[in-house]
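By convention in this document, chain letters (A, B, ...) are assigned in the order of the sequence lines, proteins followed by strands, and residues within each chain are numbered from 1.
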Amino acid sequence: MALRVYNTLSGEKEIFVPLIPDKVGMYVCGVTVYDYCHIGHARAGVVFDIIFRYLKYSGYDVTYVRNYTDIDDKIINRANQEGTDYRTIADRYIQAFDEDMALLGLAKPTVEPKATDHISGIVSIIEALVAKGHAYASEGDVYFAVETFPDYLKLSGRNLEEMQAGARVEVGDRKRHPMDFALWKGSKPGEPWWQSPWGNGRPGWHIECSAMSMEFLGKTFDIHGGGKDLVFPHHENEIAQSEGANGCQFVRYWLHNGFVNINAEKMSKSLGNFFTIREVLKKYDPETLRFFILSAHYRSPIDFSDHNLDEAQSALERIYSCLAALDDILNGKPHSAEIAVIENLSQVGQELQEKVDQFIPRFVDAMDDDFNATQALGVLFETVRSTNRFMAETKEITPLSLSLIAHVRHLFVEAGTVLGLFTTTPAVWLEGIKAAKVGQIDLTPDEIEQLITERTEARAARNFKRGDEIRDLLMAKGIQLFDSAQGTTWDVK
RNA sequence: GGCGCGUUAUCCAAGAGGCUAGGAGCCGGUCUGCAAAACCGUUAACGUCGGUUCGAAUCCGACACGCGCCUCCA
């Protein structure tokens with residue numbers, strides 16, 4: 001099965017055929033750097049990270065461009081508030097963005113251009129648009145004339161008349177048509193500016209993406225991504241600018257990720273119901289957040305809540321626990337990942353062998369179907385169950401069972417490179433989760449160990465009453481004990 | 001007002017005409033001094049009303065409810 005992607009332009013899943021065989025050009029709208037990123041940005045980042053990773057995994061040579069919008073009204077406002085210049089603000093939040101995305105384990109895009117480094121490209125496109133009659137200068141501004149571009153609104157499936165009926169359109173007296181949008185804004189006193197044929201000013205928001213994508217990917221390229229809220233007006237305007245200037249198709253496949261909701265409502269600054277990535281990572285592990293994002297299809301809305309994050313963590317712990325158990329078995333033992341004789345396996349072993357054989361085909365099928373990571377995770381969990389069953393049954397480790405286990409371990413690494421998971425040594429990851437939980441409990445690990453020692457002594461003396469008291473006391477504080485032949489260990493519930 | 005999306009068991013969530021999704025949980029069992037963890041088994045669903053079909057969560061229509069975009073937004 002070939003890769004199929006949902007294209008906003010057609011409203012359907014289409015078979016993905018790149019412009020140039022084996023190569024993919026992909027542009028994703030980054031952020032306007034005027035504040036810390038919230039979970040919505042994390043989702044967009046992770047979604048397109050997975051798409052990037054999967055395309056590479058599928059053998060494509062991918063050029064992935066993700067921009068920084070480092071000049072904009074919001075950045076200027078912020079700079080004025082703080083009594084500093086726009087560059088200081090932009091650089092501060094570019095650094096913060098990079099830190100956040102690195103924590104979330106995002107692979108670096110091929111290029112991360114800044115709008116202010118592409119002013120000359122922006123000016124060239126505007127000049128071409130003016131020359132072709134798609135744009136006009138007006139009192140130091142330059143506007144795109146939407147009525148000159150018949151395909152306008154083809155992405156969002158609207159039409160100009162209906163849009164105006166909706167009314168909330170500002171009629172500026174500098175514009176010929178109320179829907180015309182700014183390509184270039186004449187600078188007001190005190191604002192940063194660049195020279196242009198229309199006087200000193202700065203670019204409008206939409207034009208920078210047209211300029212940077214053309215610079216690195218050419219006039220026509222394969223994939224353009226972003227959040228659903230960018231469909232109109234941002235992406236619609238990009239199409240108008242690029243196709244108006246170049247006279248050819250701009251983007252072949254438009255991909256849009258769904259929102260992060262809080263209580264079924266969109267997370268947004270105006271509602272005040274947003275969480276920054278930094279806040280969330282104080283409480284949850286980055287892979288937990290990533291797993292949470294992967295637990296719903298990328299186009300669906302996803303509801304952000306402590307309960308859902310907790311569930312994501314439990315689910316991820318299930319996989320990591322299995323991997324840690326595998327590592328325990330494999331540790332220090334020589335093994336080959338080649339399976340020799342299947343007939344020697346028990347029924348449980350044969351079932352696992354089947355899961356192992358089907359693993360990559362099923363994983364690829366899921367991801368080929370519009371990057372259905374949620375379904376792909378189902379494949380991992382089924383394999384976890386089979387693996388647990390096999391380990392529970394296997395008393396004696398033979399070279400054959402060892403190689404089967406090694407094979408399973410390798411498959412999780414392979415899936416992990418696509419999903420951006422399992423980058424940490426399982427035992428270390430589990431320890432980290434435990435430590436984070438301990439931090440929320442009013443007992444130190446030393447105190448817990450002391451109580452466990454006391455309980456072990458009581459139990460050795462067959463004083464189970466005292467032993468159970470200690471266990472109940474710890475349980476009340478959220479500490480679970482595990483008795484085994486090797487002794488007692490503990491974890492935080 | 002225009003355009004679009006969604007409604008799957010206790011919760012989260014895939015699936016898109018006939019094939020056990022998955023996770024968390026509930027309830028049994030193995031194990032254990034008793035537990036826990038782990039494992040095994042089990043349970044349960046497709047918003048409502050019609051239609052198409054041998055067969056519908058899946059296709060079509062109506063309705064209800066929820067949400068998004070139309071303004072800067074990922």
Yes or no on side chain to side chain contact (heavy atoms under 4.5 Å, CB included) for Y27(A) and V251(A), after CA distance, side-chain angles and deciding distance? CA-CA 9 Å; Y27(A) 186 94; V251(A) 167; over 6 Å; no
Classify the side-chain pair D100(A)/Y36(A) by whether it contains a donor and acceptor separated by less than 3.5 Å. no
Checking A37(B), C69(B), G33(B) against the side chain of K266(A) (C-beta onward), the nearest is C69(B)
Between U53(B) and C59(B) - C1' atom distance, rounded Å: 10 Å
Under 4.0 Å, counting only non-hydrogen atoms across every strand here, what does G467(A) touch: a base, just sugar-phosphate, or nothing? nothing
Determine the interatomic distance between P on G61(B) and the same-named atom on C12(B); round to the nearest Å. 28 Å
Ring centres of F412(A) and F359(A) under 6.0 Å apart? yes
P spacing across the pair G6(B) / A62(B), given as an integer number of angstrom: 16 Å
Between A9(B) and U20(B), how far apart are the C1' atoms? Round to whole Å, please. 15 Å
Under 4.0 Å between a Lys/Arg side-chain N and an Asp/Glu carboxylate O for R389(A) and E393(A)? no
Using Watson-Crick and G-U wobble pairs whose two distances are both under 3.5 Å, how do you write the pairing of RNA chain B as dot-bracket, with | for links to another strand? (((((((..(((.....[...)))..((((.......)))).....(((((..]....))))))))))))....
Most 5' of H206(A) and Y6(A) on RNA chain B, judged by nearest nucleotide: Y6(A)
Syn or anti for A57(B)? Use the chi torsion, O4'-C1'-N9-C4 for purines and O4'-C1'-N1-C2 for pyrimidines, with syn inside 90° of 0. syn
Looking at D357(A) and R362(A), does any basic side-chain N land under 4.0 Å from a carboxylate oxygen? no
Provide, to the nearest angstrom, the distance between the CD1 atom belonging to I452(A) and the P atom belonging to A36(B). 17 Å
Could you check whether E279(A) pairs with K283(A) (Lys NZ or Arg NE/NH1/NH2 to Asp/Glu carboxylate O, under 4.0 Å)? no
Between A14(B) and G47(B), how far is it from one P atom to the other, in whole Å? 15 Å
Sorted by position of nearest nucleotide on RNA chain B, 5' first, the leading residue of K465(A) and A44(A) is K465(A)
May I ask you to decide whether R299(A) forms a salt bridge with D370(A), counting only side-chain N to carboxylate O separations under 4.0 Å? yes
Without hydrogens or angle criteria, can the side chains of Y54(A) and D368(A) be said to hold a donor-acceptor pair below 3.5 Å? yes
For F464(A) and G33(B), say yes or no: do the ring centres fall under 5.5 Å of each other while the ring planes differ by less than 30°? yes
In whole angstrom, give the distance that lies between atom CD of E12(A) and atom C1' of C5(B). 16 Å
Interatomic distance, E265(A) CD vs C69(B) C1' [rounded to whole Å]: 15 Å
So, are E469(A) and R455(A) salt-bridged, with charged N and O less than 4.0 Å apart? no
Near RNA chain B, which residues from residues 71-82 of chain A have a heavy atom under 4.0 Å away? K74(A)
For F16(A) and Y253(A), take the angle between the two ring planes, folded into 0 to 90°, and tell me which bin it lands in: parallel under 30, tilted 30 to 60, perpendicular over 60. tilted
Have a look at V47(A) and say if it touches a base, only the backbone sugar-phosphate, or nothing, with a 4.0 Å heavy-atom cut-off. nothing
From CG of L481(A) across to P of U32(B) the rounded distance in Å is 18 Å
Roughly, in whole Å, what's the span from CZ in F390(A) to C1' in C40(B)? 17 Å
At 4.0 Å (heavy atoms only), tell me whether G227(A) reaches a base, stays on the sugar-phosphate, or touches nothing. sugar-phosphate
Regarding G2(B), can its base be found pairing with the side chain of N159(A) as donor and acceptor, where the two atoms are less than 3.5 Å apart? no
Any base atoms under 4.0 Å from F48(A), or only sugar-phosphate, or nothing? Heavy atoms, all strands. nothing
At less than 4.0 Å, is any side-chain N or O atom of K228(A) found next to OP1 or OP2 of G4(B)? Yes or no. no
Nucleotide of A74(B), A36(B), G33(B) approaching D468(A) most closely (side-chain heavy atoms): G33(B)
Atom CD1 of I470(A) to atom P of G33(B): distance rounded to whole Å? 18 Å
Test side-chain contact (heavy atoms from CB on, under 4.5 Å), reference V146(A), set K175(A), E236(A), M179(A), output is M179(A)
For M475(A), report the nucleic acid contact type (base, sugar-phosphate, nothing); a contact means any heavy atom under 4.0 Å. nothing
Taking any heavy-atom pair under 4.0 Å as a contact, classify R158(A): base, sugar-phosphate, or nothing. base
Provide the distance between the two C1' atoms, one in A36(B) and one in A74(B), to the nearest whole Å. 43 Å
Heavy atoms under 4.0 Å is the rule here; annotate nucleotides 9-25 of chain B 5' to 3' with B where the base is hit, S where only the sugar-phosphate is, and - elsewhere. --BSSSS-----BSBS-
Test for a donor-acceptor pair under 3.5 Å between the base of G33(B) and the side chain of R459(A), counting only N and O atoms. yes
Does F48(A) reach the side chain of R66(A), with side-chain heavy atoms less than 4.5 Å apart? no
Nearest-Å distance once atom C1' is located in both U43(B) and G50(B): 32 Å
Starting at atom CG of L474(A), determine the distance to atom C1' of A35(B), rounded to an integer number of angstrom. 13 Å
Would you mind reading off the distance between H256(A) atom NE2 and C5(B) atom C1', rounded to a whole angstrom? 15 Å
Apply side chain to side chain contact (heavy atoms under 4.5 Å, CB included) to residues T276(A) and I39(A) and explain how you reach the verdict. CA-CA 6 Å; T276(A) 64; I39(A) 301 304; over 6 Å; no
Under a 4.0 Å threshold between the charged nitrogen and the carboxylate oxygen, would E99(A) count as salt-bridged to R278(A)? yes
Say we look at G66(B) and C40(B): how far apart would their C1' atoms be, to the nearest angstrom? 40 Å
